[in-house]
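Just so it is clear: chains get the letters A, B, ... in the order the sequence lines come, proteins before strands, and each one is counted from 1.
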Amino acid sequence: MTQTTYREALRQALIDGMQADSDIILLGEEVGLYGGAYGVTKGLIDMFGAHRVMDAPISEPAIIGAAIGAAMTGLRPVAELMYVDFIGMAMDQLANQAAKSRYMFGGQIGVPMVLRTQGGTGRSAAAQHSQSLEAWMLHVPGLRLVMPASVSDAYHLLRQALEQPDPVVFIEHKGLYTLKGDITAEPEAPWGAPLVRRAGDDLTIVTWSRMVHEALAAAAALADVGITAEVIDLRCLNPLDDAMIFASVARTGRAMIVTEAVVTGSVASDIAARIGERCFDWLEEPVLRIGGEDIPIPVSPALERGSIPSAGLIADAARWLVRREAPQWA
Amino acid sequence: MTERTNSGAVARYRMMRRIRTFEERVGELFLKGESAGSMLHLSIGEEGVVGLTDLMRAGDTFTTHHRGHGVFLGRGADPARMMAEIAGKETGYCRGKGGSMHIADRALGHLGANAIVGGGIPHVVGAGITARNRRQDHVSVAFFGDGAMSQGILYESMNMAALWHLPVLFCCINNQYGMGTRVDRSAGRVAFAERARAFGLAGETVDGADVESVYQAAHTLMASARSGQPGFLEISAFRFFGHARMDKSPYRTPEEEAEGRLRDPVARARATLDAEDQVSPADLDRIDAEAATEMDAALASAIAAPAPGMQTMFEDVYAPGTPAPFAQADRLRAILYEAAP
Ligand SMILES: Cc1ncc(C[n+]2csc(CCOP(=O)(O)OP(=O)(O)O)c2C)c(N)n1
Ligand SMILES: [Mg+2]
């Protein structure tokens, strides 16, 4: 176990996967010579050649569509979408073609591909390069959806994604590429299982991707005032074994879902609904959603920061949930 | 005074120098840590586009790609408001919401810079429909890079423009690269104007290092677009620097860069004016100095400008006077006080 980065873990997962399975190909803009817009595929074209690491023109629908066709006929393509925001251009290929082929064709034609992409705020990249669009994907039956928050998950979840029989949307976070950590010998949890990142008894915070780190910072601050928060990292949004979430909430009686995405119509809303349905009798307080404001992401660094949850906001909300201590601003 | 201020060529030189200097100051803004992010795409090397923007009139509309500072200056932008937008400030063209990749100004016909490659192209088809239906004498011009030649939406748009005889011009600024990909690595056949002609457009390619050639080619195409024959103009140029501020262009050789930078539209126009004795070196120096003074002031005012107030983030999602998004703090307050005993 050596310290590495989220970026390097992803790269290593691609290398190990490609060495183990000669059917894996990478297809996307700037994945070859340039090494990926965020450096994840650096050097891979030299290791595996231009037939397996394919620099594609700026043609998102055809990149994803070609990946689908390659997957249908036996290869295992990893299509890279430079920013999740660009999925708007290719949503038909993803949602109507990749996701539905197995079902429409009566189980005959599966699409075992991975769509690697990244999202999130933090670079003042503005409204078309900063979104968290996982809700768009979660709403489509037939797609799997993974959003790693840790270095080890970046590695293991990508390796596991490369073995799935169905299309997997794998969304990295642009703010995590330099995160340091270890790659554990075994995955931290099975595919589809959430993970308790910090144990606690007073409330359950459910989150994923970069917000795991904000929630952990909030939990550390809450510990100083005597509140113990359980932080659950979803890791996989589909499949999602939600039993563990319910067990935690049944124990703590309080639940908060934290997302960087706009709150309305979000994955957080869906998780909150599931908790409401299953844990109603155990809940002491309403299930809270803490998320991004219902606005496009502004370019101004101050507005951008102010529009998404911070550890401070999460801790404030937790103090109210647990102790009815109203935040200063409320 | 040898400077003939009524000379179009001198005016174009002045504009190109202003663009060059503006972009250099954008680089400084970034180095000072005052820009909103690092996704700043300089149009240095592409100033020859002034040969086209100079022919556009009040009422004409346009969209640009992410590398659109030069085009907008060419259409009369106020560099101070542009710089403020690039710094994410309240006084910017878009109130610090859009930034470098999303500058727009309805008053000057700028329907928006776009960070989706090809995203702004179809809007000129719609603007062409408006001009036609309202019997206005306006042309709408889409500016985009060679990278957008790989986007299907360009072909859908060109087909519509030709089908409906719209007053539209598609302008591809081919700077030879899309990020790290040289045009011959993204197209099986690099003959862009030919593609446009196949759709029924008037298609030309012109050397962007020579602004007067651009002017000549654009003159014909703009005139025919205005009369309902849409066109396509490829302006061949060279991207002098990296894709955005963080890119050091490791994928191309120093020799290629040195050679590419010889295709300098600003230096070339200056040399031409000088050689043809139209303008004295002293007057050319004075034009350059004025540009420097103007852009220094734009830089300083952008840095000094206020950041937008936090509450402004909720403005402009929807039209004024209609319900704004429910702010999270208000939502939490509602839960808190309605649920409290
Ligand atoms: C739909 C879409 N795909 C990919 C990108 C990422 N991207 C931004 S600029 C760029 C290269 C564009 O090249 P070109 O059109 O030639 O413009 P240039 O940067 O050279 O001016 C790419 C791939 C994007 N912004 N939008
Ligand atoms: Mg280009």
Side-chain angles (χ1 to χ4, degrees), chain A residues 29-30 32-37 55-63 82-83 85-86 88-89 122-130 262-264 285-309 313 316-317 320-321 324 326-327 329-330, chain B residues 35-39 85-90 92 94-102 114-119 145 147-153 178-181 185-187 243 247 250-251 307-310 312-314 316-317 324-329 331-333 335-337 339-341:
Chain A
E29 294 156 19
E30 308 295 339
L33 215 53
Y34 198 90
D55 271 324
I58 308 173
S59 308
E60 286 79 8
I63 289 170
M82 202 181 285
Y83 285 75
D85 312 66
F86 309 161
M89 308 206 67
R123 288 200 62 208
S124 273
Q128 296 173 342
H129 280 66
S130 307
V262 298
V263 146
T264 299
E285 297 288 353
V287 181
L288 274 195
R289 294 167 303 156
I290 301 291
E293 299 286 358
D294 284 348
I295 63 171
I297 303 295
V299 82
S300 144
L303 294 191
E304 181 191 39
R305 236 180 291 115
S307 73
I308 59 154
L313 177 65
D316 280 353
W320 176 77
L321 265 189
R324 291 290 175 100
W329 46 262
Chain B
S35 61
S38 63
M39 296 177 86
E85 188 57 39
I86 295 165
K89 298 298 182 69
E90 171 74 40
C94 306
R95 309 181 62 202
K97 298 254 178 64
S100 166
M101 298 195 291
H102 302 297
N114 215 299
I116 299 295
V117 170
M149 294 303 300
S150 297
Q151 290 289 21
I153 201 160
M179 288 188 73
T181 304
R185 295 185 63 248
S186 67
H243 169 67
D247 175 26
Y251 41 80
M310 286 311 255
T312 65
M313 77 167 76
F314 301 104
D316 305 322
V317 181
F326 197 31
Q328 179 148 265
R331 183 168 55 82
L332 294 178
R333 251 180 236 118
I335 300 168
L336 201 155
Y337 292 115

Contact part of [X] toward chain B, heavy-atom cut-off under 4.5 Å: side chain, backbone, both or neither?
{"X": "Ile290(A)", "result": "both"}
{"X": "Glu29(A)", "result": "neither"}
{"X": "Gln128(A)", "result": "both"}

Select one option (side chain, backbone, both, neither) describing which atoms of [X] are under 4.5 Å from chain A's heavy atoms.
{"X": "Ala307(B)", "result": "neither"}
{"X": "Ile116(B)", "result": "both"}
{"X": "Met179(B)", "result": "both"}

**OP:** Go through the structure and list residues passing salt bridge (charged side-chain N to carboxylate O under 4.0 Å, His left out) with Lys97(B), not counting sequence neighbours.
**Re:** Asp316(B)
**OP:** With sequence neighbours left out, write down each residue that passes salt bridge (charged side-chain N to carboxylate O under 4.0 Å, His left out) with Arg331(B), or none if nothing qualifies.
**Re:** none
Closest-packed option against chain B by number of heavy-atom pairs under 4.5 Å, given [options]:
{"options": "Pro61(A), Ala62(A), Ser307(A), Ala127(A)", "answer": "Ser307(A)"}
{"options": "Gly291(A), Gly122(A), Ala317(A)", "answer": "Gly291(A)"}
{"options": "Pro309(A), Ser300(A), Pro298(A)", "answer": "Ser300(A)"}
{"options": "Ile295(A), Asp294(A), Leu288(A)", "answer": "Ile295(A)"}

**OP:** Decide whether Ser38(B) and Arg123(A) meet the rule of one side-chain donor and one side-chain acceptor closer than 3.5 Å.
**Re:** yes
**OP:** Indicate whether any N or O donor in one side chain lies under 3.5 Å from an N or O acceptor in the other, for Thr181(B) and Glu30(A).
**Re:** yes
**OP:** Answer yes or no: is there a donor N or O on one side and an acceptor on the other, between the side chain of Asp55(A) and the main chain of Arg185(B), under 3.5 Å?
**Re:** no
